[in-house]
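Just so it is clear, the model here is predicted, and its values are computed rather than measured.
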Amino acid sequence: MFGPPGSGKGTYASRLSEELTIPHISTGELVREEIRNQTETGREIESYSKSGRLVPDEVIGKLLENRISQADCAKGFILDGFPRTVTQAEVLERISGPDVVVNLDVPDDVILERLSTRQTCGKCGAIYNERSLKSKAAGICDKCGGQLRKRDDDQPSVINERLKVYAVQTQPLLNYYHKKGIVRNLVNKEASAPPDKVVREILRILKAEQHV
Ligand SMILES: [Zn+2]
């Protein structure tokens with residue numbers, strides 16, 4: 001699942017995962033779990049980040065390979081946050097390349113509006129939106145009762161910079177998958193489009209091509 005920051009890809013990926021009963025794998029979460037459990041790889045990753053070095057793609061690749069080899073991935077899985085570069089895509093190709101890349105194509109002004117109304121639970125990280133995905137009680141997380149807040153990096157100037165970085169980083173990667181003919185664009189121009197509607201559209205694309 002590809003999409004710029006604020007495209008809602010994490011939300012859609014987790015709903016699709018429920019819908020298709022296949023795991024939603026976030027490499028960020030895999031890394032945090034290794035560190036939490038203080039595994040050998042977790043300590044290795046910590047030593048990279050403490051010294052300000054990037055975690056090598058092969059290390060992330062190994063984590064991913066372990067995760068994908070588990071029984072619950074036999075029917076498939078949804079990747080979110082990986083790959084981010086062509087080198088990572090090549091690592092993934094050696095493990096299990098994607099059948100389809102869903103590319104969420106969202107105009108910058110829509111992202112700006114969505115991120116500036118985004119709320120995150122300070123306790124469990126669940127994401128809400130003041131317009132499109134309201135919590136049941138204002139300012140309170142439905143899942144854990146934690147306080148909702150706005151993130152510092154959801155300021156317009158920071159968002160614009162992140163979008164620029166994303167576009168530059170992602171273009172070569174999209175070209176890589178375009179050449180394989182597996183990119184499916186999903187244009188979403190509505191800032192307050194309900195997540196269910198977007199997920200239904202993604203499912204329609206996947207079913208039409210018999211991926212699911
Ligand atoms: Zn919460």
Nearest heavy-atom neighbours spanning [X] and [Y]:
{"X": "Cys124", "Y": "Cys141", "result": "SG-SG, 3.8 Å"}
{"X": "Pro83", "Y": "Ala89", "result": "CB-N, 3.5 Å"}
{"X": "Leu203", "Y": "Glu19", "result": "CD1-CG, 3.2 Å"}
{"X": "Gly42", "Y": "Ile35", "result": "O-CG1, 3.8 Å"}
{"X": "Asp72", "Y": "Pro23", "result": "O-CD, 3.2 Å"}

Is a side-chain donor or acceptor of [X] paired with a backbone partner of [Y] at a separation under 3.5 angstrom?
{"X": "Thr170", "Y": "Tyr166", "answer": "yes"}
{"X": "Ser135", "Y": "Asp142", "answer": "no"}
{"X": "Thr21", "Y": "Glu18", "answer": "no"}
{"X": "Gln171", "Y": "Val168", "answer": "no"}

Electrostatic pair [X]:[Y] at N-O distance under 4.0 angstrom:
{"X": "Glu130", "Y": "Arg118", "answer": "no"}
{"X": "Arg114", "Y": "Asp109", "answer": "no"}
{"X": "Glu58", "Y": "Arg94", "answer": "yes"}
{"X": "Glu46", "Y": "Arg43", "answer": "no"}
{"X": "Glu29", "Y": "Arg67", "answer": "no"}

Hey, what do you get for [atom1] ([X]) to [atom2] ([Y]), rounding to the nearest 0.5 Å?
{"X": "Glu44", "Y": "Ser49", "atom1": "CD", "atom2": "OG", "value": "11.0 Å"}
{"X": "Ile159", "Y": "Glu161", "atom1": "CD1", "atom2": "CD", "value": "12.0 Å"}
{"X": "Ile127", "Y": "Thr120", "atom1": "CD1", "atom2": "OG1", "value": "5.5 Å"}

Subject >> Audit row: Leu173, Thr85, side-chain contact (heavy atoms from CB on, under 4.5 Å) steps and yes/no >> reply: CA-CA 6 Å; Leu173 189 56; Thr85 63; 5.8 Å; no
Original post:
Under 3.5 Å, is there a donor-acceptor pair between the Asp105 and Asn185 side chains?
Top reply: no
Original post:
What residue among Asp196, Val199, Asp80 forms side chain to side chain contact (heavy atoms under 4.5 Å, CB included) with Tyr12?
Top reply: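 Option passing the side chain to side chain contact (heavy atoms under 4.5 Å, CB included) with Tyr12: Val199.
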Shared ILVMFWY cluster between [X] and [Y], side chains joined below 4.5 angstrom?
{"X": "Leu79", "Y": "Val59", "answer": "yes"}
{"X": "Leu104", "Y": "Phe2", "answer": "no"}
{"X": "Phe82", "Y": "Tyr48", "answer": "yes"}
{"X": "Tyr176", "Y": "Leu92", "answer": "yes"}

**OP:** Take Asp57 and Thr87 through the test side-chain hydrogen bond (donor to acceptor under 3.5 Å, both in side chains) and record every step on the way to the result.
**Re:** CA-CA 8 Å; Asp57 292 334; Thr87 316; 4.6 Å; no
**OP:** Start with the C-alpha gap between Asn66 and Thr41, add the side-chain angles, then the distance that decides, and say whether side-chain contact (heavy atoms from CB on, under 4.5 Å) holds.
**Re:** CA-CA 12 Å; Asn66 286 339; Thr41 314; 6.0 Å; no
**OP:** Walk me through it: do Asn129 and Gln119 pass the test side-chain contact (heavy atoms from CB on, under 4.5 Å)?
**Re:** CA-CA 6 Å; Asn129 188 287; Gln119 299 170 305; over 6 Å; no
So with a 6.0 Å cut-off around [atom1] of [X], is the heavy-atom count from everything else above 12?
{"X": "Arg84", "atom1": "CZ", "answer": "no"}
{"X": "Glu40", "atom1": "CD", "answer": "no"}
{"X": "Lys150", "atom1": "NZ", "answer": "yes"}
{"X": "Gln147", "atom1": "CD", "answer": "no"}

**OP:** Applying side-chain contact (heavy atoms from CB on, under 4.5 Å), run through Ile182 and Asp99 and close with a yes or a no.
**Re:** CA-CA 7 Å; Ile182 59 170; Asp99 294 320; over 6 Å; no
**OP:** Applying salt bridge (charged side-chain N to carboxylate O under 4.0 Å, His left out), run through Lys164 and Asp108 and close with a yes or a no.
**Re:** CA-CA 10 Å; Lys164 261 187 236 160; Asp108 287 2; over 6 Å; no
